[in-house]
Structure formats: C-alpha cells, structure tokens
Asks: 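Take this structure first; my questions come after.
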Amino acid sequence: MREAPAAGQVLHERRGDVAWVTLSHPGRLNAISVAMWRQLAEVFGALAHDMTLRAVVVRGASGHFAAGADIREFPRERGSFADVMHYHREVLAPALHALRDCPHPVIASIAGVCVGGGLEIASLCDLRIAAADARFGVPINRLGFPLAPDEMRGMIDLVGRAATLALLLEGRVFDAPEALRLGLLTRIVDPAELEAETEAALARVRAGAPAAARLNKQYARRLTDAAPLTEAEYQDFFSYAESRDHLEGVQAFLAGTTPTFTGD
C-alpha cells in the first residue's frame with residue numbers, strides 16, 4: 001500500500017530434489033524488507049505443493065543469515081496503530097506461517113548475523129546448523145516494542161517460555177555456543193565446514209523416505225496440542241503401512257542393502 005521500490009530479494013533455486021532459498025539484501029546484512037517477507041511467503045507457498053522435493057535449505061547471502069527486519073522501512077510501514085497491525089499480521093505472519101507449514105524438512109544454514117526476524121525464520125526450520133562464529137539475539141527492547149504473537153510463538157515452541165523471555169527482556173546478542181545451550185541450534189561447526197555440514201545433513205535427510213519425513217513433521221507439531229488424536233488422525237498416520245517405501249525400507253534392511261525411496 002505504501003511500498004517503495006522493492007529492496008532485497010528472496011532468491012530460490014532447485015538442485016535436484018532440494019530447494020535452496022537465499023535471503024539477499026546487499027549492504028544491509030540481509031535485513032528483511034516488506035518485499036522480502038512477501039516473497040518468502042510466496043516461495044514457501046509454492047514449495048509446499050511440490051511433492052517431488054526432499055528438503056529445503058534456507059540461508060543468507062554474503063556471509064550472513066539475516067539482521068532482522070529492515071528498520072529503515074518502519075516510519076513508512078509502521079507509522080500508526082493500523083500500520084503496525086497490518087505489518088505484523090498481514091506481512092510478517094503469512095511468511096512465518098508459510099515456513100512453519102512447509103511439509104518438507106527445512107534446514108537453516110546459518111552464518112554471521114542471525115537476529116530478530118532472521119532468528120524468527122531460523123526458529124521455524126527443522127534443523128539449524130550454524131557456524132561457530134555466528135551471532136544471535138532479539139534486541140528489539142531497544143526499539144521500544146515487544147515481539148508480536150505470531151512471531152513469538154515459533155520461539156516459544158522451540159526453546160520454551162523462560163528462554164524466550166530471557167532473549168526478549170535482556171535483548172542481548174550472543175554467540176553460537178550459547179545459542180546451542182539454549183536449544184536454538186541443532187549443532188555448530190567450524191565456519192569453514194558450514195557448507196559441507198549442510199550438505200551432509202541434506203544427505204542424511206534425503207536418505208530417508210520423504211513421506212515418513214513429512215509425517216514426522218506433521219505429527220511432531222500436532223502432538224504439542226494436548227487434545228488426543230482422533231481415530232481419523234490415527235488412520236491418516238498409519239496409512240504409510242502399505243506404501244512402497246515402507247516395504248522397501250524393511251526389505252533392504254533385512255537384505256543388508258541400501259534402500260531406494262521414491263515417495264510412493
């Protein structure tokens with residue numbers, strides 16, 4: 001509605017059965033503009049419907065993941081109560097929901113700065129592999145506003161209420177070992193090994209049956225809800241029982257061979 005010419009891009013390319021999504025905003029540490037939030041929603045909306053994918057990698061360009069939202073846009077995009085509501089509920093939230101709802105395994109490959117909105121994005125990925133010299137935090141207390149509910153939910157789901165409040169109330173920027181201790185990361189690696197470890201993680205994910213990976217994601221999220229599973233949900237879950245990949249996996253194990261999964 002008040003948008004200036006687009007700043008920054010969310011790039012994506014496909015390499016075989018893996019989609020690589022790159023946050024790119026040169027000269028701004030990949031700060032995420034309104035245009036980029038909208039592109040992120042569009043990209044992940046499209047990826048969700050591509051059942052030939054095995055995995056998605058999210059990373060930043062030029063040695064950084066993302067330095068949060070682009071604050072230079074705030075006077076224009078968040079100048080009133082209505083603007084703030086629109087920005088958080090109609091711009092950021094749809095992007096985060098699209099990432100959260102992606103059925104495929106999503107790996108965040110994190111270098112450099114990963115703060116604010118960048119950390120929100122990483123928190124919604126399934127695996128988070130970071131260079132040991134990466135930096136993390138949500139220092140928005142210095143900007144005079146709280147973390148919006150749709151943005152806070154992903155962090156609480158990942159590290160819990162206490163750690164989330166510690167991040168928000170102190171507003172510290174901290175190192176990768178501390179992020180690992182808090183549960184924000186899956187593992188940390190030497191910066192020179194980040195790309196290789198991302199590829200190794202991809203290989204391990206891709207070695208599994210894609211339908212099983214999607215079911216694991218779906219029900220890991222569903223089981224955070226205290227409501228018991230319905231009979232229909234049990235039927236849906238165990239529908240894998242007669243799949244080709246299930247039979248292939250068991251037979252390959254018994255034969256001592258490597259299974260070849262097709263998604264069937």
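Keep in mind that what you see is a predicted model, and the values were worked out from it rather than measured. Residue numbers count from 1 along this sequence.
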Asks: Is it true that atom CD of Gln218 has more than 12 heavy atoms of other residues, nucleotides or ligands lying nearer than 6.0 Å?
Replies: yes
Asks: Should the ring pair Phe237 and Tyr240 be called parallel, tilted or perpendicular, given that the plane angle runs from 0 to 90° and is split at 30 and 60?
Replies: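 Perpendicular.
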Asks: Tell me yes or no: between the side chains of Thr164 and Arg153, is some donor less than 3.5 Å from an acceptor?
Replies: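 On atom types as modelled, these side chains do not qualify, holding no pair under 3.5 Å.
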Asks: Should the pair Arg15 and Trp20 be classed as cation-pi, given the thresholds of under 6.0 Å to the six-membered ring centre and 45° from the axis?
Replies: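 That pair qualifies as a cation-pi contact.
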Asks: By the definition side-chain contact (heavy atoms from CB on, under 4.5 Å), identify the one residue from Val58, Val57, Val21 that meets it with Val106.
Replies: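 Only one option passes, and that is Val58.
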Asks: Tell me, do Phe65 and Leu29 make a side-chain contact under 4.5 Å, heavy atoms counted?
Replies: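 No, every pair of side-chain atoms sits at 4.5 Å or beyond.
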Asks: At what distance, to the nearest 0.5 angstrom, does CG of Asp50 lie from NE2 of His104?
Replies: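 That separation rounds to 6.0 Å.
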Asks: Under a 4.5 Å cut-off applied to non-hydrogen side-chain atoms, are Val10 and Thr22 in contact?
Replies: no
Asks: So do Leu11 and Gln39 actually touch side chain to side chain, heavy atoms under 4.5 Å?
Replies: no
Asks: Would you please name every residue forming a side-chain contact (heavy atoms from CB on, under 4.5 Å) with Asp264, sequence neighbours left out?
Replies: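 Asp264 satisfies side-chain contact (heavy atoms from CB on, under 4.5 Å) with Arg244, Thr262 once adjacent residues are dropped.
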Asks: Give a yes or no on whether Tyr219 atom OH has more than 12 heavy-atom contacts from other residues, nucleotides or ligands under 6.0 Å away.
Replies: yes
Asks: Any sub-3.5 Å donor-acceptor pair from Lys217's side-chain atoms to Pro105's backbone N or O?
Replies: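 Not at all, since once roles are kept as given, no pair shorter than 3.5 Å links the two residues.
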Asks: Can you tell me how far CZ of Arg14 sits from CG of Leu47, rounded to the nearest 0.5 angstrom?
Replies: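 The CG atom of Leu47 sits 9.0 Å away from the CZ atom of Arg14.
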Asks: Determine the minimum heavy-atom distance between Pro191 and Ala131, stating which atoms define it.
Replies: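 Of all heavy-atom pairs spanning Pro191 and Ala131, the closest is CA-CB, 3.9 Å.
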Asks: In this structure, would Phe261 and Leu53 fall into the same cluster of hydrophobic residues linked by side-chain contacts under 4.5 Å?
Replies: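 Unlinked, Phe261 and Leu53 end up in two clusters.
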Asks: Report yes or no: does Arg128 contribute a side-chain atom to a donor-acceptor pair with the main-chain N or O of Ser109 at less than 3.5 Å?
Replies: no
Asks: Do Asp245 and Ser243 have side-chain atoms, one donor and one acceptor, less than 3.5 Å apart?
Replies: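 Short answer, no.
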Asks: Applying the side-chain contact (heavy atoms from CB on, under 4.5 Å) criterion to His64, which one of Val113, Val115, Leu23 satisfies it?
Replies: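 Answer after filtering Val113, Val115, Leu23: Val113.
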Asks: Side-chain heavy atoms nearer than 4.5 Å, only ILVMFWY residues, links allowed to pass through others: does that put Leu185 and Ile129 together?
Replies: no
Asks: Would you say Phe174 ends up clustered with Leu165 if hydrophobic residues are merged whenever their side chains have heavy atoms under 4.5 Å apart, either directly or through other cluster members?
Replies: no
Asks: With distance as the sole test, does Arg28 use its side chain to make a donor-acceptor pair with the main-chain N or O of Asn30 at under 3.5 Å?
Replies: no
Asks: Check whether any side-chain heavy atom of Val138 lies under 4.5 Å from a side-chain heavy atom of Met155, and answer yes or no.
Replies: yes
Asks: Val84 versus Tyr87: any side-chain heavy-atom pair under 4.5 Å?
Replies: no
Asks: For His25 and Ile32, indicate whether the former's side chain and the latter's backbone hold a donor-acceptor pair under 3.5 Å.
Replies: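 Between the backbone of Ile32 and the side chain of His25 there is no qualifying donor-acceptor contact (under 3.5 Å).
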Asks: Would you say Arg78 and His86 are linked by a side-chain donor-acceptor pair, where the criterion is simply a distance under 3.5 Å?
Replies: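 No pair is found: no donor N or O on one side chain lies under 3.5 Å from an acceptor on the other.
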Asks: Do Leu96 and Ile140 belong to the same hydrophobic cluster, where Ile, Leu, Val, Met, Phe, Trp and Tyr are linked whenever their side-chain heavy atoms lie under 4.5 Å apart, directly or via other members?
Replies: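 Cluster IDs for Leu96 and Ile140 match.
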Asks: Run the salt-bridge test on Arg89 and Asp150 with the 4.0 Å N-O cut-off and return the result as yes or no.
Replies: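 Judged by the 4.0 Å cut-off on N to carboxylate O distance, Arg89 and Asp150 do not form a salt bridge.
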Asks: Might you confirm whether atom NE2 of His12 has over 12 heavy atoms from other residues, nucleotides or ligands at distances under 6.0 Å?
Replies: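 Counting neighbours around NE2 of His12, 12 or fewer heavy atoms of other residues, nucleotides or ligands fall under 6.0 Å, so no.
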Asks: I need the Glu120 CD to Arg100 CZ distance, nearest 0.5 Å.
Replies: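 Taking CD in Glu120 and CZ in Arg100, the distance rounds to 13.5 Å.
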Asks: Under a 4.0 Å threshold between the charged nitrogen and the carboxylate oxygen, would Glu197 count as salt-bridged to Arg204?
Replies: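 The answer is yes: the pair qualifies as a salt bridge.
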Asks: Measure the NE2-CH2 distance between His88 and Trp37 for me, rounded to the nearest 0.5 Å.
Replies: 10.0 Å
Asks: Answer yes if Leu147 and Val173 sit in the same cluster of Ile, Leu, Val, Met, Phe, Trp and Tyr residues linked by side chain heavy atoms under 4.5 Å apart, and no otherwise.
Replies: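 Hydrophobic grouping puts Leu147 apart from Val173.
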Asks: Without swapping roles, check the side chain of Arg142 against the backbone of Gly171 for a donor-acceptor pair under 3.5 Å.
Replies: yes
Asks: Heavy-atom distance under 4.5 Å between the side chains of Gln9 and Met36, does that happen here?
Replies: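 A side-chain contact is absent here, since even the closest heavy-atom pair is not under 4.5 Å.
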Asks: To the nearest 0.5 Å, what is the distance between CG on Asp126 and SG on Cys102?
Replies: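 Result: 8.0 Å between the selected atoms.
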Asks: Pick from Asn216, Asp157, Asp101: which one makes a side chain to side chain donor-acceptor pair (under 3.5 Å) with Arg221?
Replies: Asp101
Asks: Looking only at non-hydrogen atoms, find the nearest pair between Ala132 and Ile188 and report the distance.
Replies: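 In this case the closest contact between Ala132 and Ile188 is CA-CB, 4.5 Å.
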Asks: Go through the side-chain N and O atoms of Asp83 and Ser80 and say whether any donor and acceptor fall under 3.5 Å apart.
Replies: yes
Asks: Quick test of your reading: applying salt bridge (charged side-chain N to carboxylate O under 4.0 Å, His left out), list the pairs with at least one residue in residues 52-61, sequence neighbours left out, ordered by first then second residue.
Replies: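 Found Glu13-Arg59.
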Asks: Is the shortest side-chain heavy-atom distance between Ile71 and Leu143 below 4.5 Å?
Replies: yes
